[in-house]
Amino acid sequence: MTKYEVAIVGGGIAGLMSSIYAAKAGKRTIVLEQQKLLGGRAITNKKQGVYFNLGAHALYKGEAYEAFRELGLRLEGSSPSIDAYGMWKGQLLPIPTNTSSFFQTPLLSLGGKLELAKWFMKIGKMDTSVWNQISIRDWIETQLYDPMLRNVFYALLRTSTYLLAPELHAAGPALKQLQRALKGVLYLDKGWGTLVEELRQLAVQQGVELVTGCKVAAVEHQDQKVHSILCEGSNRIEAENVILTTPPSISHKLVPYADQTALGTWNKQAIPATVACLDVGLRRLPIHEHQFIYGLDQPIFLTHQTREGKPRPAIMSDDGTKLVSLFKYQGPQTDAAKDEDELEQVLDVVQPGWRDELVTKQFLPKMTVAHDFPHIKRIDNPGPTVPEIDGLYVAGDWASHGELVVDASVASAKRAVSHLLNTREEIKI
Ligand SMILES: Cc1cc2nc3c(=O)[nH]c(=O)nc-3n(C[C@H](O)[C@H](O)[C@H](O)COP(=O)(O)OP(=O)(O)OC[C@H]3O[C@@H](n4cnc5c(N)ncnc54)[C@H](O)[C@@H]3O)c2cc1C
């Protein structure tokens with residue numbers, strides 16, 4: 001039986017990045033992924049020539065972007081404009097993001113517009129960490145005066161965090177993500193599947209063994225030390241170190257006696273963020289200006305991913321079909337039919353006549369954007385080690401130390417491998 005120095009459970013972005021870092025450091029590394037395809041939630045499905053991510057995916061200029069660039073990934077795509085509309089009582093009103101909308105929009109009073117302009121100037125330079133211990137709601141209610149401006153900020157921060165729980169999400173990380181959003185995000189050409197493929201190739205080049213269709217059933221340990229992985233079908237893999245990139249609930253299930261370890265706490269404290277996603281491929285946009293919509297009195301968001309940005313639009317279809325994506329941010333109770341209906345009604349307002357232009361469509365009723373996030377009820381930031389079991393590590397979007405979504409996946413992968421290699425310094429490629 002082959003013995004691996006590093007075995008990684010899960011072949012999403014966190015798993016692939018961990019494997020590349022470990023293999024680059026000369027460790028004999030294997031990745032075990034239960035699905036037939038690598039990529040996890042970052043896969044892209046092609047339907048009638050249109051590239052559908054599992055809901056719209058934007059790459060922020062954060063930890064993940066930096067790490068992908070360090071690895072030499074191409075990251076081809078385009079940034080959307082930040083010109084946007086707010087949807088209020090079924091009407092679309094420009095959010096003042098430039099001089100013309102500043103003077104013309106009836107969305108905000110003059111006082112509200114000046115307050116917004118002040119925040120737009122201030123936000124980029126702000127040290128957001130001073131707000132790490134308070135919620136988004138407390139930040140908005142104590143820092144902003146204009147009632148409609150508060151609605152605008154609830155919508156902006158909801159979009160940055162993918163979450164309908166301003167009373168729970170820590171304000172600091174959310175504001176940091178907004179700072180990054182204002183610098184411009186990237187929609188990747190042909191979706192995040194291209195990113196996954198580049199990571200797969202890099203992993204193979206580094207000698208990582210990538211095994212798909214292998215569902216891990218248990219991570220075995222003895223005398224507080226990890227020693228092997230048991231796959232469904234009774235295949236056993238010996239490993240000195242294991243990095244779990246599975247969700248907290250699955251990680252907890254895979255490890256015997258997990259309740260006696262930090263995995264128990266991390267599982268209990270986890271609050272998932274879920275969204276309903278509607279993506280439509282349209283022959284043309286009925287109303288060209290309606291590219292970016294924030295729901296101000298309902299938790300929705302719309303973006304046109306193939307927007308004619310500079311220097312060119314993101315390529316999300318083979319034949320120029322336009323891709324419009326909507327989210328409904330969900331609370332604990334969800335109703336698939338109602339959510340789909342609500343999103344279609346939003347499209348009726350934003351792009352009237354869209355049904356006549358429809359080429360293809362994808363509706364995903366409940367997608368988990370993050371299995372946990374920096375919230376004010378957290379007892380502990382998960383990982384990188386499971387302190388009670390030597391050689392056991394966690395990574396993934398939920399193992400965040402303040403980062404959000406894929407930035408958390410990548411930053412936690414780096415933390416896990418750095419710790420495993422016993423290097424105090426962050427991994428340098
Ligand atoms: C709708 C939506 C929109 C999003 N938008 C953005 C965005 O705009 N920007 C952004 O930065 N991020 C976004 N994200 C988040 C981003 O997709 C995730 O942060 C990232 O893909 C998570 O990677 P991961 O490796 O941590 O987890 P995953 O991708 O979930 O990988 C975990 C892997 O573990 C595997 N696995 C589970 N159990 C087992 C087992 N027992 N044995 C073997 N394998 C197992 C799973 O199959 C999976 O492949 C979005 C996510 C969604 C759903």
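Numbers for residues simply follow the sequence, beginning at 1.
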Are the side chain of [X] and the backbone N or O of [Y] linked by a donor-acceptor pair below 3.5 Å?
X: Arg150; Y: Glu141; answer: yes
X: Arg415; Y: Ala399; answer: yes
X: Thr29; Y: Lys27; answer: yes
X: Thr194; Y: Lys190; answer: no
X: Glu198; Y: Arg74; answer: yes
X: Asp339; Y: Ala276; answer: no
X: Thr360; Y: Gly281; answer: no
X: Gln351; Y: His290; answer: yes
X: Lys113; Y: Thr105; answer: yes
X: Gln269; Y: Ile379; answer: yes

In this structure, are over 12 heavy atoms from other groups packed under 6.0 Å from [X] atom [atom1]?
X: Lys338; atom1: NZ; value: no
X: Lys176; atom1: NZ; value: no
X: Phe120; atom1: CZ; value: yes
X: Lys36; atom1: NZ; value: no

Would you please say whether a donor-acceptor pair under 3.5 Å links the side chains of [X] and [Y]?
X: Asn267; Y: Ser251; answer: no
X: Ser325; Y: Gln305; answer: yes
X: Gln205; Y: Gln201; answer: no
X: Ser101; Y: Asn98; answer: yes

So does [X] pair up with [Y], basic N to acidic O under 4.0 Å?
X: Arg200; Y: Glu197; result: yes
X: Asp397; Y: Arg41; result: yes
X: Glu344; Y: Arg355; result: yes
X: Glu340; Y: Lys361; result: yes
X: Arg283; Y: Asp356; result: no

Task: Chi angles and distances behind the salt bridge (Lys or Arg N to Asp or Glu O under 4.0 Å) call for Glu66, Lys414 - done: CA-CA 12 Å; Glu66 291 306 327; Lys414 264 193 175 181; over 6 Å; no
Task: Aromatic contact, Phe292 with Phe301 (centres under 6.0 Å) - done: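 So the answer is yes for these two rings.
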TODO: Report yes if some heavy atom in the side chain of Tyr329 is under 4.5 Å from a heavy atom in the side chain of Leu163; otherwise report no.
DONE: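 A side-chain contact is absent here, since even the closest heavy-atom pair is not under 4.5 Å.
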TODO: Could you tell me whether Lys61 sits above the aromatic face of Tyr65, with NZ or CZ closer than 6.0 angstrom to the six-membered ring centre and within 45 degrees of the axis?
DONE: yes
TODO: Determine the interplanar angle of the Trp119 and Phe153 rings, folded into 0 to 90°, and report it as parallel if under 30°, tilted if 30 to 60°, perpendicular if over 60°.
DONE: perpendicular
